[in-house]
Amino acid sequence: AWWSSAELLHGLNDSGATTAIVDPERLAAILPLLDQTPALKRVYACRTDALPEDARVTALEAVIGAPVQWPALPEGLMPDVELTPETPATLFYTSGTSGRAKGALGTHRNAGCGLMAIQFSIVRTMLRRGEMPKPPAPDAPQGAGLVSIPFFHTTGCNAVLLVAMAIGQKLVCQRRFDAGEALALIERERITSAGGVPAVAIALMTHPDRDRYDLSSLELMSYGGAAAPVRMHEPEESLELRRESFREQKDAIARAAVMRLREHARIIIDSGSTTAAMIPELGHQPGLVVMTNSLHVARALSELEHEPV
């Protein structure tokens with residue numbers, strides 16, 4: 001969505017896309033390119049009344065109605081197409097730092113594994129805090145996620161959008177991340193989860209107006225895509241940020257998790273070398289299941305005759 005006209009032209013022709021769903025900005029960028037995109041047969045434009053006199057362009061709302069009308073749409077039937085785990089599902093384009101952007105093909109297996117991995121990650125986090133995961137409560141309030149990651153990115157699509165659809169979470173979107181606006185949205189929309197790159201979490205925690213907002217609904221802050229800082233420099237006392245190095249924190253968390261697992265759980269979900277160092281403290285426990293993608297953890301487990309998954 002942030003591409004220039006030239007980049008859009010490359011993406012449309014490289015992918016062989018036959019249909020495009022666009023907002024007013026992308027419509028303005030695509031219109032001059034229609035004669036240069038022979039595979040593109042249909043363009044659906046949303047949230048605009050300024051449509052050109054071109055048979056290829058149709059208002060999306062003319063087909064599916066406004067959002068408030070969607071519950072009245074007839075039941076849709078999937079086309080009779082064979083789908084397997086290895087069937088292509090997505091084509092996300094790289095940033096093109098070494099030349100033109102390249103399409104990275106994703107399968108249904110990729111999307112499904114990502115969806116499950118997020119749930120495992122949440123369970124792992126609870127175990128590391130010394131908490132036992134609770135079963136979902138049918139009458140619990142709907143969760144709400146704050147999104148500042150674009151959906152054209154694999155993180156925004158697979159790790160945020162698909163997960164929200166699977167668990168029935170409301171999503172509140174920011175066009176661009178702004179910490180002050182994000183704090184207001186967390187309070188107003190009762191946001192339960194937020195995240196992005198580490199800078200997003202740090203910006204929220206250190207914002208000068210943070211104490212003016214009710215952030216009590218926020219349960220989960222996740223981050224990735226970049227290395228977290230080793231230390232949080234000059235933290236305010238009100239933020240209660242630990243001054244230990246990032247590795248010291250990981251060691252403490254992993255040790256606490258292992259101790260908790262020794263007493264209660266039969267499953268470890270982890271992928272880090274820190275937990276590998278803690279594994280010997282478990283001793284040999286028949287029936288212990290360890291889910292890991294880490295060679296460090298697998299080696300530590302093999303020494304104790306555990307079977308990694």
Side-chain angles (χ1 to χ4, degrees), residues 1-2 21 23-26 46-48 60-61 64-73 111 114-126 129 131 133-226 228 232 235-236 238-241:
W2 296 343
I21 301 175
D23 63 0
E25 291 182 48
R26 257 44 63 184
C46 64
R47 302 192 300 275
T48 180
L60 181 63
E61 288 80 4
I64 63 174
V68 294
Q69 300 170 312
W70 291 349
L73 288 172
L115 178 62
M116 297 304 297
I118 293 295
Q119 306 306 307
F120 283 134
S121 178
I122 294 173
V123 172
R124 180 185 65 182
T125 298
M126 296 185 70
R129 289 201 303 250
E131 302 174 6
K134 299 178 182 179
D139 56 347
Q142 182 186 32
L146 179 65
V147 184
S148 56
I149 306 171
F151 291 132
F152 61 73
H153 190 280
T154 182
T155 300
C157 180
N158 290 343
V160 177
L161 180 60
L162 292 186
V163 174
M165 294 175 64
I167 66 177
Q169 184 186 51
K170 175 179 75 173
L171 293 180
V172 179
C173 301
Q174 287 187 284
R175 183 174 177 82
R176 294 284 193 279
F177 175 72
D178 177 88
E181 179 188 55
L183 291 170
L185 287 172
I186 292 172
E187 178 182 69
R188 190 185 77 193
E189 301 292 337
R190 306 307 296 159
I191 298 296
T192 55
S193 65
V197 295
V200 169
I202 294 172
L204 292 175
M205 290 189 295
T206 59
H207 195 280
D209 295 334
R210 176 183 179 274
D211 292 336
R212 293 174 48 194
Y213 297 95
D214 178 8
L215 309 180
S216 59
S217 63
L218 192 60
E219 299 175 354
L220 175 66
M221 175 65 68
S222 59
Y223 58 83
M232 297 289 192
E236 295 179 7
S238 61
L239 301 183
E240 299 179 357
L241 297 179

For the residue pair Met205 and Met221, establish whether any side-chain heavy-atom pair is separated by less than 4.5 Å. no
Applying side-chain contact (heavy atoms from CB on, under 4.5 Å) to Gln119 and Val163, what does each step give before you reach the verdict? CA-CA 9 Å; Gln119 306 306 307; Val163 174; 3.4 Å; yes
What is the distance from atom CZ of Arg175 to atom CD of Glu181, rounded to the nearest 0.5 Å? 12.0 Å
Which heavy-atom pair separates Trp70 from Ile64 by the least distance, and what is that distance? CD1-O, 3.1 Å
Ser193 and Glu219, any side-chain heavy atoms less than 4.5 Å apart: no
Give the minimum heavy-atom separation between Phe177 and Ala203, together with the two atoms involved. CE2-CB, 4.0 Å
Quick check for you: to the nearest 0.5 Å, what is the distance between Leu220 atom CG and Met126 atom CE? 10.5 Å
Sub-4.5 Å side-chain heavy-atom contact between Arg210 and Leu215: yes
Over all heavy atoms of both residues, which pair between Asp214 and Glu187 is shortest? Give the atoms and the distance, please. N-OE2, 2.9 Å
Would Glu189 and Leu146 count as a side-chain contact (heavy atoms from CB on, under 4.5 Å) if you check the C-alpha gap in whole Å, the side-chain angles of each, and the deciding distance to 0.1 Å? CA-CA 9 Å; Glu189 301 292 337; Leu146 179 65; over 6 Å; no
Starting at CG of Leu183, measure out to CG of Leu218 and round the result to the nearest 0.5 Å. 9.5 Å
Answer yes or no: is there a side-chain heavy-atom contact under 4.5 Å between Asn158 and Leu115? no
Could you check whether atom CE of Met165 has more than 12 heavy atoms from other residues, nucleotides or ligands sitting under 6.0 Å from it? no
Ser217 versus Ile191, closest heavy-atom pair with distance: OG-O, 2.7 Å
Please find the pair of heavy atoms, one from Arg47 and one from Pro24, that lie closest to each other, and give the distance. O-CG, 3.5 Å
Do Leu204 and Tyr213 have side-chain heavy atoms sitting under 4.5 Å apart? no
What heavy-atom pair brings Ser148 and Val200 nearest, and what distance separates the two atoms? OG-CG2, 4.5 Å
Gap between atom CD of Gln174 and atom CD1 of Ile149 - 0.5 Å precision: 11.0 Å
In Å and rounded to the nearest 0.5 Å, what is the CG to CD distance from Leu161 to Gln169? 10.5 Å
Side-chain touch Thr192/Gln142, heavy atoms, less than 4.5 angstrom: no
